[in-house]
Structures are given as structure tokens and as C-alpha cells.
Number of protein chains: 2
Amino acid sequence: MGRQQGFDTSAVVRSARAVFWEHGYDGASVPALERATGLGRSSLYHAFGSKRGLFDAAVTSYLDEVVRPRLQPLRAAAVAPTALAGYLTGLRAALAAAPRTPGCLLLNTATSPLGGDDAVAATVGAYRAELASALAAGVRAARPDLDAAAARHLTETLTGLVLAAFALARTDPAAATGCLDTALVACSPLGLPPAHPTRGTRSASR
Amino acid sequence: MGRQQGFDTSAVVRSARAVFWEHGYDGASVPALERATGLGRSSLYHAFGSKRGLFDAAVTSYLDEVVRPRLQPLRAAAVAPTALAGYLTGLRAALAAAPRTPGCLLLNTATSPLGGDDAVAATVGAYRAELASALAAGVRAARPDLDAAAARHLTETLTGLVLAAFALARTDPAAATGCLDTALVACSPLGLPPAHPTRGTRSASR
DNA sequence: CAAGTACTGTAACGATCGTTGCACAACAAC
DNA sequence: GTTGTTGTGCAACGATCGTTACAGTACTTG
């Protein structure tokens, strides 16, 4: 069936994803995508049709390789009581580790003009629902003492705090980790910080 | 001292601000800014130096004419106990009113590549601090029963939920208003919704 | 081997980007 | 009125944007 392509598609998408993640859709120029992927325009356009096609592939890759692996413990059949706190501390560590993090590819897209696109809006909506669903499972496992209304309230609070952390990641990483600290406090059975509101997470710097 | 300019600077900045708000910094082309303001390039560049200069003026205008007026009841010397809930319901109504809202100009900028700019990051940080400070005052007035740690925790939770609402405004207005509903529940002394978690706000549609 | 098809390199496309120079118009100061 | 300064209109700048056409290469298929 003709010549076979000389590159690994998923690796190329991963490289392109990094460019979109850091520079946004508009800011990611085709020459920059060529450099990052090591491919020429012909190959890119042949494989993905357009810049937007490559971006869509990058978003799918982001969901599959970045978002869902981190949510996996919360989406399993049996969710551990520590899975919720583990997710939040893990996310906190990830944000604190990188000196300058671009935040969340999907949230950045949602707040960009591209967020007006119906397909993008649907993807972002599905992402938020997936996150909320996973956090709900974590809340059920970590806080079986809560009734349905309280669990729902806590879930929505945590979802909002996680999204706020993503929103602040680029300009104010400290504030972003602070949001996750607040989330950790919120899901504690005590309901209040033990001594000082600033929690120490041994796996994260600062 | 020479010819005097034939336009109202603040009105021009207001028009330009709307363009930046909807299309973002990169997406706002100079021709579009010309059309919105009714000015030629010469006048724009003479008055503001560059596109970035006009954007900075638009951000200042946004803070002065959009953000702070809404926060004013929370920044007054004497804060009413209802000011906090008033802010949240007012914001909710504003998000629910417009069919398609561009969210928050500053948060959109923060999550864009421009968020990496030091000046932008500083502005966004100051904005977040101002919001958090105002919400803290509202919490003190609305919930004098809370101790310092609990008040601080509630303030950070509310700040996060407001930011999350802004982040979701463009792609999912319903989810954005949901964040504000959750915030309203969180600052209620009951701590839980009375019957159904979905609160009715008589001033807002839906 | 011959034929056909799929992938890739090079080059250019038209469009739009933000910015600048220059000539002219309008007003203040003298 | 004259001079000097400042705002505005017109036009073009070089650069970069995403996309496409075309020729050539590499491989599968018969």
C-alpha cells in the first residue's frame, strides 16, 4: 500500500503537545511544530490534515497520557481511602516541581478564544465531568461519613480548587499549590488545619 | 502646546478592552482595534506606543471599571454581613445573563502564553490578592462565628471557586454558575444546602 | 520486474501580522 | 500672522502566518 511513514505517530504528537501546552494554539507556529517533531510540513499536513488536526491529536494525547493516568486510582473499581489525598498531593508536587509550569493544556484552551469553539467546549466539558466524577469517587472512599449532599458539596469544592490551581499555575505557582493545600484541608475529617494552615508535603519542594 | 486629540481616551480604552476581552491579546488584531475604537493606527500608536501599551491600558481600565466596582462593598470600611453573598449572587447573575461570556480578562491572560510575562504575572498576582482580601473581609462580616483558621480556610475556598467560575465561563457557563452556587453554600452558616444542592437565585436566570 | 500508492522535501502561495515614516492638519504660544 | 508642537491619514514596510502544489523517493502489491 505504498511507502510507510518513518516516524512514530504518538511520539510526534507528544512533541507537538508540549509546544501547544507551552505556547498555546495560536502561539504554536508551524515552524516551531516542525522543529519539535522533527518533521516537515508535508508530513505533518499529510498525517494530520491541518494545524488544528494536530492540536486535536495533542489534546487526545494529553487526556490519555497526562490526565487519566493521574486520575486512574480514583477511577478504579475499588478506590482506596487515601487515593483522594494522594491525587491532590501528587498534583501539588507536580506543580511545585517544575520551575515554570504551563498549567493545564485543556484549561488554558478553555480560557482562550478557542474556548468558543463548540468542539473545544465539549471536550473541556467532558474533561471537567471526568475530573468531578473521579473526585466524587475519591470523596466517597475517603469520607464515608458524609451524606450525599455533603459529599456532593465537597466534590464540587475540590473540583473548583483543582481548576483554580490550574488557572494560577502559570502566573503564581505558589498560589496554585496553596489552592491544593486548601483542598487537602477541605477533605480532612477534622475540617480544619491542625496547627498552621500551610501544610507540609514531604514529596514536594518549598 | 499643539493640536489636541479628538477622542476620549477612556472611551477608546474601553472599546479596545472589549476586543481584548473577547479575542485575547494575540487574537485582537490592530485592524480590529482600529474598527472598535474608530481610530487610525497613527492615533493608537501615538497615544499608547504599541499594541501592548494599549493592552496594559485596557487591563488597568478593566480593574478600575469592572473588577473594583463589583468588589467595592467588600472593600468598604464597614462591610455588611450580606455583602459576601451579594457579591457571589451578583457575579452569578452577570455570568448567567450574557449568552456567551468571555469570562475574566485577567484570568484569561494568566492562562495564556502572555501569563509568562513578569509584568502580567505581577498584575494577576495583585488581582488575586485583592480578590482574596475582599473575600476575607466579606467572610469576617458574614461569619463572625468562625475562628481565624476557619475564616482563612473559607476565604481560600471561596477565592478558588470564584477563579474556577471564571475559568469555566467561556466553555461551560452552567458549570461556572455551579461553582458560585457551591461558594454560596460554603459560606452559609448551615454548611449544607437546605433541600436540594441546586440553589435558586431569584435575580439570575435559569 | 512493473505498476501503483503512500510518504517526504522544497518552494512558493496569498494573507495578515505589528510597526514605522512621512506629509498634512489643527491648535497653542508668542 | 508666524512659529512650533502635536495629533491624524495614508501608505508601505519586513516578517511571519497557515496552507498548498509539485516533484521525487520508498515501499507494497500484482
Side-chain angles (χ1 to χ4, degrees), chain A residues 1-59 105 108-109 112-117 119-120, chain B residues 1-59 105 108-109 112-117 119-120:
Chain A
M1 291 284 282
R3 183 176 176 176
Q4 62 191 3
Q5 72 178 17
F7 58 90
D8 179 13
T9 301
S10 63
V12 161
V13 172
R14 218 172 294 130
S15 301
R17 180 226 291 167
V19 178
F20 284 123
W21 201 350
E22 180 169 358
H23 297 97
Y25 178 77
D26 283 319
S29 69
V30 174
L33 293 168
E34 290 185 88
R35 261 178 269 119
T37 60
L39 265 58
R41 294 158 199 257
S42 301
S43 301
L44 286 177
Y45 274 84
H46 183 79
F48 303 100
S50 66
K51 180 185 174 184
R52 176 62 188 270
L54 179 55
F55 177 75
D56 291 339
V59 166
L105 173 60
N108 294 349
T109 306
S112 78
L114 202 60
D117 182 281
V120 169
Chain B
M1 290 283 283
R3 181 175 176 178
Q4 62 190 4
Q5 71 178 17
F7 58 90
D8 178 12
T9 301
S10 64
V12 162
V13 172
R14 216 172 295 130
S15 301
R17 181 225 289 167
V19 178
F20 284 122
W21 201 349
E22 180 169 359
H23 297 98
Y25 178 77
D26 283 319
S29 69
V30 174
L33 293 168
E34 289 185 270
R35 261 177 268 120
T37 60
L39 267 58
R41 296 158 194 256
S42 302
S43 302
L44 287 177
Y45 274 84
H46 184 78
F48 303 100
S50 65
K51 180 184 174 183
R52 175 62 187 271
L54 179 55
F55 177 75
D56 291 339
V59 166
L105 172 61
N108 294 349
T109 307
S112 78
L114 203 60
D117 182 282
V120 168

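Values reported hereafter were calculated over all heavy atoms of this structure, with side chains retained and with hydrogens, waters and symmetry mates removed. In what follows, chains are A, B, ... by sequence order, proteins preceding strands, each numbered from 1.
Under the 6.0 Å distance and 45° angle rule, B:K51 counts as a cation-pi partner of B:Y25.
Residue side chain A:R3 reaches the base of D:dT25 through a donor-acceptor N/O pair under 3.5 Å, judged by distance alone. Judged by distance alone with a 3.5 Å cut-off, a donor-acceptor contact links the side chain of A:R41 to the base of D:dT19.
Between A:S15 and A:A36, the closest heavy-atom pair is CB-O, 3.5 Å. Nearest approach of A:V12 to A:T37, heavy atoms of both residues: O-CG2, 3.6 Å. Pairing each heavy atom of B:W21 with each of B:L105, the nearest pair is NE1-N, 3.3 Å. Between B:A28 and B:V19 the shortest heavy-atom distance is CB-CG1, 3.7 Å. The two atoms that bring B:V120 and B:G115 nearest to each other are CG1-CA, 4.0 Å, heavy atoms only. Closest of all the heavy-atom pairs between B:P113 and A:E22 is CB-O, 4.4 Å.
Between the CZ atom of A:F48 and the P atom of D:dG18 there is a distance of 16 Å, given to the nearest Å. Distance CD (A:Q5) to C1' (C:dG9): 16 Å, rounded to an integer number of Å. Residue B:Y45 contributes atom OH, which lies 18 Å from atom P of D:dA12 at whole-angstrom precision. We find that CG of B:L44 is positioned 17 Å from P of C:dG21, with the value rounded to whole Å. Rounded to whole angstrom, the span from the NE2 atom of A:H46 across to the P atom of D:dA21 amounts to 15 Å.
Helix bend of the helix from C:dC1-D:dG30 to C:dC30-D:dG1: the angle between its two end axes, each built from five pairs, comes to 10° after rounding to 10°.
Both A:G49 and A:Q4 lie near DNA chain D, and the one whose nearest nucleotide falls closer to the 5' end is A:G49. Mapped onto DNA chain D by nearest heavy atom, B:G2 and B:G40 fall at different nucleotides, with B:G2 at the one closer to the 5' end.
Here the CG atom belonging to A:L33 is positioned 6.5 Å from the OG atom belonging to A:S29, to the nearest 0.5 angstrom.
The stretch residues 7-34 of chain A comes close to DNA chain D through A:A28, A:S29, A:V30, A:P31, each having a heavy atom under 4.0 Å from the strand.
The A:S43 side chain lies nearest to C:dT8 when the options are C:dT8, D:dT20, C:dT19.
A heavy-atom distance below 4.5 Å is not found between the side chains of B:L39 and B:Y45.
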